[in-house]
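Data first, discussion second: the structure below is written as structure tokens.
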Amino acid sequence: MAVVHRLSRRRAAYPTALVLTLAAGAALGPAAPMRAADTPPESAPAPASEPSTVDLQPIDDKSLKTEIARRSGKIVLVSLWSRSCPPCIEAYPHLVEMARKYQPQGLEVLSINVIDDERTRRDWSVPFVRKQNPPFPTFFEEAEDDEAFIRALDAKWYGGLPAEFLFGRRGYRVLSMTENVDVKKLEGIIVQHLEGRVESKTDPSMLELRAFVERNGGSVTWNPSTQTVGVMLGPQRYRLKVGSTNVQAGRDGVALDRPPTVEDGRVMVPRSFLDSTLQTS
Amino acid sequence: MTGRMTMIRNPMIPTLLLTTIVAGGTALHVTAATNTAANAAASAAVAAIGKPAPEFTLTSPQGKAHALGKERQGQKATVVMFVATQCPVSNAYNERMAQLVKDYAGKKVRFLGINSNKQESIEEVAKHAKDNQLPFPVLIDVGNVVADTYNARVTPQVYLIDERGVLRYMGRIDDSQNTAEIKKQDLREALDALLAGRAVPTAETRAFGCSIKRMEKESGS
């Protein structure tokens, strides 16, 4: 069975070792500057001043879905890294910084270590994480098949690192940044999602409807056959149709400056609709 | 096994490939430029299992042109491997790739390496192949044109082409960077099947690797 298989594959020596390492090194200094990646970080000696935020849990394609679902209502960044990925290691301190900055606004980060074998994890990756002292949990990919894990994140992704995936408040994926990963650019997109104001790639005057509605506690439904979107926001109900400027608002009608469009499967509406109509509701 | 992997913390950003070519002499310059144009023209075709593998002509660091069509001649199988010099995952496979070449010697299998990473210079590719004694040519894919045609996204990523020039397998070499953890030798299984005239068991696989660093383009990420 799957579980037995997994146990035999990686777990044999490794959890014990990790637990020991954790116990021995409960000492987390403040985030230290990164050192040359080919020198293993020195084992942290130390006064256990604060509790460890380093979770060392295995994760597979199924539990990944659970972890994301558990964070419903938050914007979730799934960040993959490995010791075998120099740009990931370089980006890591920036992710830590970003997480600290945006956690209060509703960002959750799931950091997932992949590729590294037991020994590398024990001798290098775990001490590295401990040094960086991230405010988010770290997982170790332990899917029975890496491929299943890769496809679970994005069916179009081939497994190249670095890789950052962003999930919206209801757990749907809103971004895959798998080539030319740029932390600054990623931060900009995260901020847009946190604020519920996600701009169209081609036309900044159009914003994503769902991100805004969910940011404000509402929900949207999509009817593909009629190309209509239903919006529930507080006591208000709206119905919009792609390509039409007419919006049904409760029993009234509202006219849009421009009709809603669909971009990458997401409905975009004029900024003015969010600012005036929805904002005041 | 993984112990010998080296990490490059500050990948020295080598001189741009194009600059290198220009500086490297007219002959190489012309060849590479011509190849790029030819490959771009051929790139209307896209690699797909069961379809003819798109043709390409690429140049080795020594300036020798290699055309897929010619390389395939007389071979029962051709393996095209996208590799890197700076990617620790790709480097973890150097010995395995060399072993493959050894194990399939005399079985009419041609192995070709391709480096499409924009930040890895021709000199670096040449030195890397020499230092690691790679027993196959590593060709330079200027502007990642062939990587685009084959939709190669990571290193290492391999493509297996049969004697008729049809793509039969694409994906990983095996299922673990760590040799102790390998459970499935996907490339070997595909090769053995092909050589035995059987159907390739799994035609497409994926694995973690390093993203191929491409030339900047309009990209939606």
Side-chain angles (χ1 to χ4, degrees), chain A residues 5 8-10 34-40 80-90 112-121 123-124 141 143-151 154-164 175-182 185-186 189 201-202 263-264, chain B residues 1-12 82 84 86-93 117-119 144 147-148 150-157 170-172 174-184 186 202 204-221:
Chain A
H5 205 85
S8 65
R9 180 177 167 210
R10 267 185 194 160
M34 206 193 67
R35 59 189 52 247
D38 49 2
T39 11
L80 272 63
W81 65 283
S82 162
R83 189 202 168 178
S84 293
C85 170
C88 303
I89 301 299
E90 218 163 281
I112 303 179
N113 177 274
V114 299
I115 304 178
D116 296 349
D117 62 17
E118 293 170 26
R119 216 179 68 187
T120 308
R121 286 178 183 175
D123 296 346
W124 200 91
E141 187 261 333
E144 190 177 334
D145 184 351
D146 290 346
E147 189 162 8
F149 196 81
I150 290 169
R151 290 183 191 269
D154 183 344
K156 287 186 184 152
W157 178 48
Y158 281 80
L161 297 182
E164 311 288 343
L175 175 79
S176 296
M177 196 180 260
T178 57
E179 274 167 20
N180 302 322
V181 169
D182 175 341
K185 191 176 162 198
L186 179 64
I189 295 169
K201 279 180 207 154
T202 52
E263 180 179 302
D264 299 338
Chain B
M1 273 298 114
T2 47
R4 70 184 171 70
M5 280 177 357
T6 45
M7 286 285 287
I8 299 128
R9 164 128 189 272
N10 291 323
M12 33 164 182
F82 286 84
Q86 298 180 2
C87 167
V89 186
S90 185
N91 280 324
Y93 281 88
N117 278 298
K118 68 166 181 186
Q119 87 283 20
N144 47 264
D148 286 353
Y150 277 76
N151 196 25
R153 313 313 296 188
V154 300
T155 55
Q157 191 171 340
M170 56 199 236
R172 61 197 186 190
D174 57 42
D175 68 346
S176 180
Q177 185 198 244
N178 178 7
T179 48
E181 286 186 357
I182 298 172
K183 286 181 300 182
K184 246 181 139 286
D186 301 274
T202 310
E204 199 184 337
T205 58
R206 296 182 195 191
F208 292 115
C210 308
S211 280
I212 290 175
K213 304 292 178 296
R214 297 175 129 80
M215 299 293 282
E216 293 290 342
K217 257 183 244 169
E218 273 302 292
S219 71
S221 48

Chain A interface, residue from B:G171, B:C210, B:A207 that has the most non-hydrogen pairs under 4.5 Å:
B:A207
Looking at CD1 of A:I115 and CG of B:N178, how far apart are the two atoms once the value is rounded to the nearest 0.5 Å?
11.5 Å
Per-residue tally against chain B (heavy atom, under 4.5 Å) across A:P87, A:A163, A:A155, A:C88 peaks at A:A155
List in chain and number order the residues that pass side chain to side chain contact (heavy atoms under 4.5 Å, CB included) with B:S90, two or more places apart in sequence or in another chain; answer none if no residue qualifies.
B:V83, B:A84, B:C87, B:T155, B:P156
Gap between atom CG of A:D117 and atom CD of B:Q177 - 0.5 Å precision:
7.5 Å
Which of B:Q157, B:R172, B:K213 touches chain A most, by non-hydrogen pairs under 4.5 Å:
B:R172
Nearest-0.5 Å distance, OH of residue A:Y158 to CD of residue B:E204:
5.0 Å
Is any side-chain heavy atom of A:P86 closer than 4.5 Å to one of B:Q86?
no
In chain order, what residues pass the side chain to side chain contact (heavy atoms under 4.5 Å, CB included) check against A:D154, with sequence neighbours excluded?
A:K156, A:W157, A:F165, A:R173, A:S176
From A:E147 CD over to B:T202 OG1, what is the distance, rounded to the nearest 0.5 angstrom?
8.5 Å
Rounded distance [0.5 Å steps], CD in B:E181 versus CG in A:D146:
9.0 Å
Keeping B:S211 on the side-chain end and A:T178 on the backbone end, is there a donor-acceptor pair under 3.5 Å?
yes
